[in-house]
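Below, each value reflects all heavy atoms present in this structure, side chains not excepted, and no hydrogens, waters or symmetry copies.
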Amino acid sequence: EERERQFIEMMRAVHARSVTDFGAIAANATDPDLRALLANRGVLMEQTHVQRIGLLAAAVARADSARRDSVETRQRRGGRQ
């Protein structure tokens, strides 16, 4: 569980930083087409990745919860026998 949490937090940080970086690079670009590409596509791509990380985090949380429930159920059944 801890490893998954660390991975997800690391990915959130990396992509959040990338959003900032793309925005800064776009602001400094002199070519208007490049500026638009970086500001629109680059930032949007990274924002999409951040959203997907949220979905991954939710899936990991559900899987952990299901695994804990399964372990608890087995322990209760084992305790009754």
Strictly by side-chain hydrogen bond (donor to acceptor under 3.5 Å, both in side chains), give each pair with a member in residues 3-16 just once, sequence neighbours left out.
E2-R5, E2-Q6, E9-R12, H15-E46
Just list the side-chain donor-acceptor pairs under 3.5 Å for residues 25-32, sequence neighbours left out, or say none.
from: N28; atom 1: ND2; to: A24; atom 2: O; distance (Å): 3.2
from: D31; atom 1: OD2; to: D33; atom 2: N; distance (Å): 3.0
from: D31; atom 1: OD2; to: L34; atom 2: N; distance (Å): 2.8

Check whether M45 and V19 end up in the same hydrophobic cluster, where Ile, Leu, Val, Met, Phe, Trp and Tyr are linked by side-chain heavy atoms less than 4.5 Å apart.
yes
Residue pairs involving residues 34-43 (criterion side-chain hydrogen bond (donor to acceptor under 3.5 Å, both in side chains); sequence neighbours excluded):
none
Applying salt bridge (charged side-chain N to carboxylate O under 4.0 Å, His left out) to R17 and not counting sequence neighbours gives D21
Can I get a per-line list of side-chain donor-acceptor pairs under 3.5 Å for residues 49-61, giving both atom names and the distance, sequence neighbours left out?
none

